[in-house]
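Taking it in order: structure first as structure tokens, then the write-up.
Both backbone and side-chain heavy atoms feed into the values below; hydrogens, waters and symmetry mates do not.
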Amino acid sequence: EFMASGLGGRALSMGGAYVAAANDVTGAYWNPASLMRTQYPEIGLMYEQRFGGLLNYNYGGVSWPFSKKYSLALTVTRSAVDDMPDTRNALIDLNGNGMLDPGERLDKSKIGSFNNADWAMYLTYAFRSSEKLSLGVNLKLVARTLADASAYGVGFDIGAQYAVTPRFFVGANLQDITTTLIAWSTGTNDLVSPTFKIGAAYAFDVPGGTLMPALDFDIMGENRQFASLVNAGPVSFNPRAGLEYQFRNLFAIRAGYNDTQNFTVGAGMHLPKLNLDYAYGQSPLSSEMKDASHRISLRITLEEKKFLREPN
């Protein structure tokens, strides 16, 4: 599930409806083909806390456009609960049953700590198939740790993005196309089933700026009968919707509806070579304000002539 969290304040405030709308460094995750819409190298960063600061989620990425025909990107995410108390060796077990019984206690000097951390690294290659069609692929490397156990896996994503008009885009992304196998040192395995994302986004002029609605659908085969809006047997369908209003390329306000059937909101500010974005989303596990997710991200664009994508 940690790979399904998404990244980037702009995308997340739009409910993750970003398969067709993606046009920046975070697109390496949402749709690898979208990197062909970037014209300069970009650096992306994000920090998020969930469940009152219990869970930390961090993202860093860099993309680089090469010539007119292809782009490369590197994306790294980390989701972790750090410094969890480890009491396995701290029990003063008077009767030897391995349980904390009345009259027994923990030796505080023997309480240690461990992390539950999930890492994912995406190596992205995107290329232009024609003037309107771009394609992309991710090589995904996964590493997980839980106390003394560790796990590693490899996966692949394939994406496509098509410009119907300069302002109307459709996109598709097939994540974990081969079913990602994550093998644990304990001998158990986790399987990440493929997810097919399709979407469309259209930007049009309104007073003071532009308005862009976006609509995506996630199609999954994980038998999510009780965690999806619509399902047919093992196949589930989850919509995502987003809306963004940009005022004169200075700031933006956004709203969305995500795959966990929760509303999202956010805002962004555009500065020379820098974009700051904020997204707010309620946890699907709790309605309390303290359990909400606050995502803050920034995007640095090396907007100089020497870095501009080569025309040929």
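Between Phe204 and Val206 the shortest side-chain heavy-atom distance falls below 4.5 Å.
Arg37 and Ser134 share no side-chain donor-acceptor pair at under 3.5 Å. With hydrogens and angles left out, the side-chain atoms of Arg10 and Tyr18 include a donor and acceptor closer than 3.5 Å. For the residue pair Asn173 and Trp30, no side-chain donor N or O sits within less than 3.5 Å of a side-chain acceptor on the partner.
Looking at residues two or more places apart in sequence or on another chain, you find a side chain to side chain contact (heavy atoms under 4.5 Å, CB included) between Phe196 and Ala172, Leu174, Ile198, Ile219. Under the side chain to side chain contact (heavy atoms under 4.5 Å, CB included) criterion, Thr124 pairs with Ala28, Pro32, Leu35, Ala73, Tyr122, Asn138, not counting sequence neighbours.
Exactly one of Asp218, Asn258, Asp216 qualifies for a side chain to side chain donor-acceptor pair (under 3.5 Å) with Arg240. That residue is Asp218.
Heavy atoms from other residues, nucleotides or ligands lying under 6.0 Å from CZ of Phe66 number more than 12.
Taking both residues in full, the closest heavy atoms of Met212 and Ala21 are given as CE-CB, 3.7 Å, listed atom of the first, atom of the second, then distance. Scanning both residues, Gly27 and Ser34, for their nearest heavy atoms gives CA-OG, 3.3 Å. The two residues Pro239 and Phe217 come nearest to each other via the heavy atoms CB-CE2, 3.8 Å. Closest of all the heavy-atom pairs between Phe169 and Ala163 is CE2-CB, 3.4 Å. For the pair Thr180 and Gly155, the tightest heavy-atom approach, listed with the atom from each and the gap, is OG1-CA, 3.4 Å. Scanning both residues, Tyr29 and Ser5, for their nearest heavy atoms gives OH-N, 4.1 Å.
For Phe251 and His270, the ring centers sit 6.0 Å or farther from each other.
Side chain of Arg254 to backbone of Met14: no donor-acceptor contact under 3.5 angstrom is found.
A salt bridge between Arg299 and Asp277 is absent, with no side-chain N of the basic residue lying under 4.0 Å from a carboxylate O of the acidic one. A salt bridge does not link Asp157 to Lys197: none of the charged nitrogens lies less than 4.0 Å from a carboxylate oxygen.
Between Tyr125 and Tyr70, the ring planes are tilted. Angles from 30° to 60° get that label.
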